[in-house]
There are 2 protein chains.
Amino acid sequence: MKVKEVAELSGVSVRTLHHYDDIGLLVPEDMTDAGYRLYSDDNVATLQQILFFRELGFPLKKIKELLDRPSFDRLEAFELQREMLVAKRGQLDAMIATIDKTLRAEKGEIKMTNEEKFRGFDFKTNPYEQEARDRWGDDAVNQANERIAGAEDELQDRMNRIYTKLAELRTVDPASQEAQEAIGEWFHFLNRMGHYSPEAFAGLGEMYVADERFTKNIDRFGTGLAIFMRDAMKVYADRQS
Amino acid sequence: MKVKEVAELSGVSVRTLHHYDDIGLLVPEDMTDAGYRLYSDDNVATLQQILFFRELGFPLKKIKELLDRPSFDRLEAFELQREMLVAKRGQLDAMIATIDKTLRAEKGEIKMTNEEKFRGFDFKTNPYEQEARDRWGDDAVNQANERIAGAEDELQDRMNRIYTKLAELRTVDPASQEAQEAIGEWFHFLNRMGHYSPEAFAGLGEMYVADERFTKNIDRFGTGLAIFMRDAMKVYADRQS
DNA sequence: AATAAAGTATGACGTTACGTAAGAGTCAAT
DNA sequence: ATTGACTCTTACGTAACGTCATACTTTATT
């Protein structure tokens, strides 16, 4: 495959491929007599890796280091990347929540501190580098910079986490063990804040689908999540009673 | 507020604030005699806007253009940003799916084309610019782009009317005839969109109170409405069965 | 076979969004 | 009066390409 083909395939520019060749990040496996770059399937797979890392904000130099490392394990890398993508999605969720909150604050419904206005932008602690360092130990010493989260945000946080988890599961069978465990968490979470019979719980699930406003709210975490939750909640309620 | 405070608050560097001042993107509202930058709350709100746009990949120059535009509407901007963040989250979902697929392909469970390996990276079509232009018309012509209030809004409308009516009644006895008529309307409305047993209906009412997010949403129509509705719904459900 | 059209190569300078230092003034507290 | 934490401006550095310019190859068309 020549440059353009790879470029179109992957969505990066030809210039970018040239650049990656220049800095030794992605050197084509072969060359024609005329000096044309020829990329192999292996090269393409590497490019995929590179783009994942890049999307996660790694500088190219770091990416090169990682790929060059003899102990580099593709599978492990994919798993890390997956985790980081999920984390990033969580960050987006936080930002969306911040927008919603800001809108309500703008309407005067609630108050909002200046600090809250930047929640989700958590650039301060770049979690990616951190994770990568934990995993592949760039430095010997990793400080334990634990944050203290306020009680209120913790709740919101927990909700978000449960929703996010459910969103990840939303393609599996609602009656499966995984799904039921996650929905059970939801049940217990709600019960901490109120009193919930299994029937009410199931009714709540119905409601997620029946009331479009709530459907939208829930489906923010993933398309079809509301329906999935309703199904899972029904199964859960049936099994409880 | 001086630079450092704003920097720590928002998570950007002092240098970044200097830079934004230099290019006229975020000019502090005041200065001390010594030339120290003094940021107002308004400045902070603007910075929030800027960071949202930045996160979405807008170049600073474009952001400045947007903010400078006299027709700039913060609320509208937030809504657009929200949509774009959701879209970006969808992109992340696609990338996560791609990783999962790649992992299974690596195990030989399935096959995967080279094209599929880059799904989710859709950089080719930058939807943001497009959206922004649609929305705020880089050209003057876009004003006539009124939305068609489709069936969707009509539903919303009916819901709002019922809520409003209930809100008016919220001080009377939930078991009274008036209240029961109104809540019956609600029951039928929901049943038009789904199947609702009386129990589920009552459960939904419980839920209005138990889940703070929904409580807040409902109480927008009147303080205490959620509790009132729960009570009315319980009575209604009991009488139905 | 000739020629146009499309693809590719190598410089080399431009650009964006800051980072990073240098040197100097300012402010609050000891 | 002096330290230490902030702040200022100026200025060069850098990362990841974009954007020409110029020249060579390959493919398609007549």
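Throughout, a chain's letter reflects where its sequence line sits, starting with A, and its residues are numbered from 1. Remember, predicted model here, so these are calculated numbers, not experimental data.
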Can you tell me if B:His18 touches the phosphate of C:dC18, counting only side-chain N or O atoms and a distance under 4.0 Å to OP1 or OP2? no
Given D:dC8, D:dC17, C:dT10, identify the nucleotide with an atom nearest to the side chain of A:Thr16. D:dC17
Between atom CD of A:Glu79 and atom CG of B:Leu103, what is the distance when rounded to the nearest 0.5 Å? 6.5 Å
Closest approach of B:Glu55 to A:Leu92 (non-hydrogen atoms, all atoms of both residues): OE2-CD2, 4.5 Å
Which is it for A:Gln48 and B:Thr102 under the side-chain hydrogen bond (donor to acceptor under 3.5 Å, both in side chains) test, yes or no, and what are the steps along the way? CA-CA 10 Å; A:Gln48 187 201 16; B:Thr102 307; 3.2 Å; yes
Shortest non-hydrogen contact from B:Pro28 to B:Leu38? CB-O, 3.4 Å
Quick one: is D:dT7 close enough that its OP1 or OP2 comes under 4.0 Å of any side-chain N or O from B:Arg37? no
What is the minimum heavy-atom distance between A:Thr98 and B:Phe52, and which atoms define it? CG2-CZ, 4.2 Å
Grab the two heavy atoms, one from B:Glu29 and one from B:Asp42, that are nearest each other, plus how far apart they are. OE1-CB, 4.0 Å
Whole-Å gap separating P (C:dT8) and CG (A:Leu17): 10 Å
Figure out the CG/P separation between A:Asp21 and C:dT10, and round it to whole Å. 7 Å
Atom-pair distance (CE on A:Met1; C1' on C:dT8), nearest Å: 16 Å
Is it true that A:Gln81 and A:Gln49 share a donor-acceptor pair across their side chains at a distance under 3.5 Å? yes
Protein-nucleic acid N or O pairs under 3.5 Å, nucleotides 19-21 of chain D:
unit_1	atom_1	unit_2	atom_2	d
D:dT19	O4	A:Arg15	NE	2.9

Listed in order of residue number, which residues of residues 42-50 of chain B have a non-hydrogen atom at under 4.0 Å from DNA chain D? none
Heteroatom pairs (N/O) under 3.5 angstrom, protein to nucleotides 14-17 of chain C:
unit_1	atom_1	unit_2	atom_2	d
C:dA17	OP1	B:Leu60	N	2.9

Should B:Glu8 and B:Lys4 count as an ion pair when the cut-off is N to O under 4.0 Å? yes
For the helix from C:dA1-D:dT30 to C:dT15-D:dA16, what angle lies between the axis at the first five pairs and the axis at the last five pairs, to 10 degrees? 20°
Under 4.0 Å: is that the gap between some side-chain N or O of B:Ser13 and OP1 or OP2 of C:dC18? no
Check nucleotides 5-7 of chain C for protein N or O atoms closer than 3.5 Å to its own N or O atoms and list the pairs.
unit_1	atom_1	unit_2	atom_2	d
C:dG7	OP1	A:Lys4	NZ	3.1
C:dG7	OP2	A:Lys4	NZ	3.4
C:dG7	N2	A:Tyr36	OH	2.4

Residue set satisfying ring-ring contact (aromatic ring centres under 6.0 Å, His included) with B:Tyr39, at least two apart, ordered chain then number -> none
Give, for atom CD of B:Glu106 and atom CZ of A:Phe78, the distance between the pair rounded to the nearest 0.5 Å. 5.5 Å
Between B:Leu17 and B:Val3, which heavy-atom pair has the shortest distance, and what is it? CD1-O, 3.6 Å
Residue whose closest nucleotide on DNA chain D lies nearer the 5' end, A:Ala34 versus B:Glu5: B:Glu5
Should A:Val6 and A:Lys2 count as side-chain neighbours, where that means a heavy-atom distance under 4.5 Å? no
B:Arg54 vs B:Leu51, side-chain contact (heavy atoms from CB on, under 4.5 Å): CA-CA, chis, key distance, verdict: CA-CA 5 Å; B:Arg54 191 183 70 166; B:Leu51 293 185; 3.8 Å; yes
So, taking the atom named CZ in B:Arg37 and the one named CG in B:Asn43, what distance separates them when rounded to the nearest 0.5 Å? 12.0 Å
